[in-house]
Amino acid sequence: MMIRSLRAFLALYRYGTVVAAAEQVHLSQAAVSVQMKSLERELGVDLFIRTKRSIKLTPAGHRLVPLAEHMVATYQEMCALDGSRTVSGVLSLGVINSALSGVLPCLLRRISLEHPQLEVKIIAGISGDLVAQVDAGVLDAAIVTQPPENFSTGLIARHLYTEPFVVIGHSSMRQMDVPTILQAAPYVRFDRSTWAGMRIEQYILEQGLQVRPGVELNSLDAITVMVSEGLGVSIVPLIRRASWHRKPTLHIAPLPNFNRPVSLIERPAHARSALTATLLTSFEQLAPEPGIF
């Protein structure tokens, strides 16, 4: 069946080698090679440039990618017409690091209970890198924060939830206002190479806030530990379902009208669209988290 060949073709496109593609579609390397030659013969075009060390797509191969994604996605929708078929397969999902210890465990627990045949392969990273991998077809989808203005218009962003930005300081600072907190100890910056870090720096500049020189970290957990130990203050996103904001040694002060949307990013048509739809449904069924303010 051509669908099987198209799935193998997309795996080869995403992962770059016959070895990796064979592993993804659960076939032998020889079977993948045979399927690719059969696909070329059936379509009457060369899809690959083959050398002893590599295999690359021809211009025709690149044109086939979105068509193949659309066909595989449509086939999956056809298979689910009766609504009783168990959702199965492997979904490659990028996830921002902050969500790994926040909303993701609850989401995966629900998915594993409702769809035991669905395997979710998690790739952690920062938003910009994950979006680039979705755009390239390496990832099926990604949970990321609000993108900057130059976000690829070829991708679809589906809103999941919103997280507020807050000022965090040691519990001894509870009676201080925000400007005083930020001056009371060295400022621990959230990595400025991340989208969240960029937004925080822009906010500090726009609000005219003054901070004392400190350190810069790319780990939210490390920042909260330093602050709870009285070693600094910071501005960070209040992560949904995370536990660190319950620490008695932390004081959390809200920042009005300063938050970040978190979205699921995917391509308009791809071979795992039925799986991402299942992911969205499971997410919508999660109970909302009580506010802390």
Side-chain angles (χ1 to χ4, degrees), residues 7 10-17 19-26 69 72-73 76 86-147 152 155-161 163 190-191 193-196 218-222 224 236-244 260-267 270-287 289:
R7 282 175 172 159
L10 290 173
L12 186 53
Y13 160 69
R14 290 175 179 173
Y15 299 99
T17 67
V19 174
E23 181 178 349
Q24 290 298 316
V25 296
H26 307 291
E69 289 181 331
V72 172
Q76 289 179 335
T86 302
V87 176
S88 63
V90 180
L91 176 68
S92 295
L93 179 67
V95 181
I96 50 175
N97 291 297
S98 58
L100 291 176
S101 58
V103 70
L104 191 65
C106 295
L107 179 63
L108 293 180
R109 185 181 304 113
R110 174 173 285 277
I111 289 176
S112 64
L113 290 174
E114 296 183 351
H115 308 286
Q117 301 304 313
L118 174 58
E119 177 184 349
V120 183
K121 180 181 179 182
I122 302 297
I123 294 86
I126 61 176
S127 294
D129 292 343
L130 296 176
V131 167
Q133 292 182 63
V134 172
D135 204 19
V138 176
L139 294 175
D140 298 316
I143 297 175
V144 300
T145 60
Q146 180 182 20
S152 171
L155 299 177
I156 297 174
R158 305 186 190 278
H159 179 75
L160 298 177
Y161 56 93
E163 293 176 334
F190 195 4
D191 185 359
S193 69
T194 65
W195 290 355
N218 63 0
S219 167
L220 183 55
D221 289 337
T224 58
V236 297
L238 189 64
I239 305 304
R240 184 178 182 183
R241 294 184 179 273
S243 59
W244 58 261
R260 66 172 188 177
V262 177
S263 302
L264 182 77
I265 304 294
E266 63 179 327
R267 297 184 304 285
H270 60 94
R272 300 292 194 277
S273 59
L275 304 188
T276 56
T278 299
L279 179 73
L280 281 168
T281 300
S282 297
F283 192 91
E284 291 168 355
Q285 293 171 348
L286 287 178
E289 182 183 32

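As the structure is a prediction and not an experimental result, all values here were calculated from the model.
Checked by atom type and distance alone, the side chain of Ser282 never pairs as donor or acceptor with a backbone atom of Ile111 at under 3.5 Å. Between the side chain of Asp140 and the backbone N or O of Ser92 there is at least one donor-acceptor pair closer than 3.5 Å.
Atom CD1 in Ile265 sits 10.5 Å away from atom CD1 in Ile143 (nearest 0.5 Å). From Leu104, atom CG reaches atom CZ of Arg109 across 10.5 Å, with rounding to the nearest 0.5 Å. The structure places CG of Leu220 at 9.5 Å from CG of Asn97, a figure rounded to the nearest 0.5 Å. Expressed to the nearest 0.5 Å, how far CG of Leu93 lies from NZ of Lys121 amounts to 12.0 Å. Going from atom OG of Ser98 over to atom CG of Leu238 covers 11.0 Å, rounded to the nearest 0.5 Å. In this structure, CG in Leu275 is found 11.5 Å from CG in Leu280, a value given to the nearest 0.5 Å.
Annotation for Val25 and Ala11: closest pair CG1-CB, 3.9 Å, computed over non-hydrogen atoms. Here the shortest heavy-atom pairing between Thr276 and Ala141 reads CG2-CB, 3.8 Å. Nearest heavy-atom pair, Val103 versus Phe283, reported as atom, atom and distance to 0.1 Å: CG2-CE1, 3.5 Å. Ala196 approaches Phe190 most closely through the heavy-atom pair CB-CE2, 3.8 Å. When all heavy atoms of Thr17 and Ala20 are compared, the pair lying nearest together is OG1-N, 3.1 Å. Contact record, Gly102 with Ile239: CA-CG2, 4.2 Å, taken as the closest heavy-atom pair.
Donor-acceptor pairing under 3.5 Å is lacking for the side chains of Ser219 and Asp221.
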**Request:** Evaluate the side-chain contact (heavy atoms from CB on, under 4.5 Å) criterion for residues Ile96 and Trp195: first the C-alpha distance (whole Å), next the side-chain angles of each, then the deciding distance (0.1 Å), finally the verdict.
**Result:** CA-CA 11 Å; Ile96 50 175; Trp195 290 355; over 6 Å; no
**Message:** Checking Leu100 against Ile122 for the side-chain contact (heavy atoms from CB on, under 4.5 Å) test, could you report, in this order, the C-alpha distance in whole Å, the side-chain angles of both residues, the deciding distance, and whether it holds?
**Reply:** CA-CA 9 Å; Leu100 291 176; Ile122 302 297; 3.9 Å; yes
**Message:** For a side-chain contact (heavy atoms from CB on, under 4.5 Å) check, start with the C-alpha distance between Ile156 and Arg267, then their side-chain angles and the critical distance, and finish with the verdict.
**Reply:** CA-CA 6 Å; Ile156 297 174; Arg267 297 184 304 285; over 6 Å; no
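Annotation: side chain of Asn218 is not in contact with side chain of Thr194 (no heavy-atom distance under 4.5 Å).
A salt bridge is defined here as a Lys NZ or Arg NE, NH1 or NH2 lying under 4.0 Å from an Asp or Glu carboxylate O, and Glu163 with Arg260 meets this definition.
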